[in-house]
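Taking it in order: structure first as structure tokens, then the write-up.
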Amino acid sequence: DIFTQIGFEVAEGPELETEYYNFDALNVPKDHPARDMQDSLWLKPERAGATANGQKLLMRTQTSAVQIRYMEKHAPPIKIIVPGKVFRNEATDATHEAQFYQLEGLQVDEKTNLADLKGTIQYFFKQLFGSGTEVRLRPSYFPFVEPGVEADISCFKCAGKGCNICKQSGWIEIMGAGMVAPSVLNGVKIDPRKFQGFAFGMGIDRIAMLYYGIDDVRLSYSGDLRFINQF
């Protein structure tokens, strides 16, 4: 609801994805660790339907694949959010699940810049956590953005003074983001000399855990109605 207030549309895509959309088109190198079995859930090649046009199939590891599918079919200007379930082949604990939900955001236009990115996510978090919420960006690396940033928000519980939620730092690491890499735009036939874009991704489960004070992500998937009915 918050994102649609500022002109974003909701886009969706398949949970069963090809290697091209999940990795190749997002500039993830062939030897990137995320392609290894411990991070991705691949369909066995011998199973019928385990490939699509020669491409290996896997359960998508992020919703970013949808931005590629969307840009292939839509010309800029583009403003979309992509909520959806993603899958990782990893052990579960209080903060990790083999399945969880992400929210991807993408904006592509002629004058989109890093300030637009910060303003967009700052608006979102002020609406969600309160008007006093601040956002800071730190340099980071993600294959499909250039430059890449980590976004932190000021702690909504202690207002930056330090508490158990923010681990006494006053800030909460909340999402990865950045400017869409020119190679990604080239791959979907959008001219990076004319158009720029930003993308961001956050875990919906993580946002819910912070918002409601949930201490174990596995509770959300337990099927226990005593937990669910609280909301």
Side-chain angles (χ1 to χ4, degrees), residues 1-29 32 34-35 39-43 49-89 97-109 112 116-117 120-121 124 140-146 148-149 151 174-192 195-208:
D1 288 346
I2 296 171
F3 280 114
T4 55
Q5 291 171 14
I6 51 176
F8 282 81
E9 299 180 14
V10 178
E12 296 181 322
E15 294 178 358
L16 182 62
E17 194 53 276
T18 68
E19 186 175 21
Y20 173 77
Y21 286 109
N22 197 81
F23 292 125
D24 296 340
L26 290 166
N27 212 28
V28 180
H32 195 280
R35 297 188 185 228
D39 289 318
S40 303
L41 294 167
W42 297 88
L43 269 67
T51 62
N53 298 320
Q55 283 277 321
K56 292 192 295 182
L57 296 177
L58 71 158
M59 303 305 294
R60 67 181 180 189
T61 59
Q62 26 69 12
T63 52
S64 302
V66 180
Q67 71 167 266
I68 303 298
R69 291 182 175 275
Y70 193 91
M71 287 191 289
E72 286 181 337
K73 297 178 180 179
H74 298 82
I78 292 169
K79 288 182 74 172
I80 60 169
I81 54 169
V82 187
K85 187 183 289 187
V86 299
F87 306 84
R88 303 280 174 86
N89 187 11
E97 252 290 3
Q99 62 171 18
F100 53 97
Y101 284 86
Q102 279 190 338
L103 181 74
E104 170 88 8
L106 173 71
Q107 178 174 317
V108 180
D109 209 335
T112 299
D116 296 322
L117 166 63
T120 298
I121 59 178
F124 172 75
S140 189
Y141 169 76
F142 304 98
F144 40 89
V145 291
E146 185 183 317
V149 296
I174 206 77
M175 68 163 62
M179 300 300 294
V180 180
S183 58
V184 172
L185 294 176
N186 271 324
V188 293
K189 296 181 171 54
I190 293 177
D191 187 352
F195 297 101
Q196 296 82 44
F198 66 69
F200 58 83
M202 67 183 107
I204 298 177
D205 305 70
R206 175 166 164 73
I207 300 293

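Numbers for residues simply follow the sequence, beginning at 1.
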- Any donor-acceptor N/O pair, Q55 side chain to T18 backbone, under 3.5 Å: no
- Message: Could you walk me through whether N27 and E146 satisfy the side chain to side chain contact (heavy atoms under 4.5 Å, CB included) test, starting with their C-alpha distance in whole Å, then the side-chain angles of each, then the deciding distance to 0.1 Å, before giving a yes or no?
- Response: CA-CA 11 Å; N27 212 28; E146 185 183 317; 6.0 Å; no
- Message: Assess the residue pair D109 and D116 against the criterion (side chain to side chain contact (heavy atoms under 4.5 Å, CB included)); give the C-alpha distance rounded to whole Å, side-chain angles, the decisive distance to 0.1 Å, and a yes or no.
- Response: CA-CA 11 Å; D109 209 335; D116 296 322; over 6 Å; no
- Message: For the CD atom on E9, are there more than 12 heavy atoms of other groups (residues, nucleotides or ligands in this structure) within a distance under 6.0 Å?
- Response: no
- Is there a donor-acceptor pair under 3.5 Å between the side chain of R206 and the backbone N or O of Q102? no
- Message: Looking only at side-chain N and O atoms, does S64 offer a donor or acceptor that is under 3.5 Å from a partner on E104?
- Response: yes
- Between T120 and F3, does a side chain to side chain contact (heavy atoms under 4.5 Å, CB included) hold up when you go through it step by step? CA-CA 9 Å; T120 298; F3 280 114; 4.0 Å; yes
- Does Q67 use its side chain to pair, donor to acceptor, with the backbone of Y70 at less than 3.5 Å? no
- How close do L185 and F195 get, heavy atom to heavy atom, and via which atoms? CD1-O, 3.6 Å
- Residues that N186 engages under side-chain contact (heavy atoms from CB on, under 4.5 Å), provided they are two or more places apart: P192
- E17 to A65 - nearest heavy-atom pair and separation: OE2-CB, 3.6 Å
- Is there a donor in the side chain of N22 and an acceptor in the side chain of T61, or the other way round, less than 3.5 Å apart? yes
- Task: Taking the six-membered ring of Y21 (Phe, Tyr or Trp), confirm whether the NZ or CZ of R69 is under 6.0 Å from its centre and within 45° of its axis.
- Result: yes
- Would the number of heavy atoms belonging to other residues, nucleotides or ligands and lying under 6.0 Å from CD of E12 be above 12? no
- Message: For T63 versus G84, what's the shortest heavy-atom pair and its separation?
- Response: CG2-O, 3.8 Å
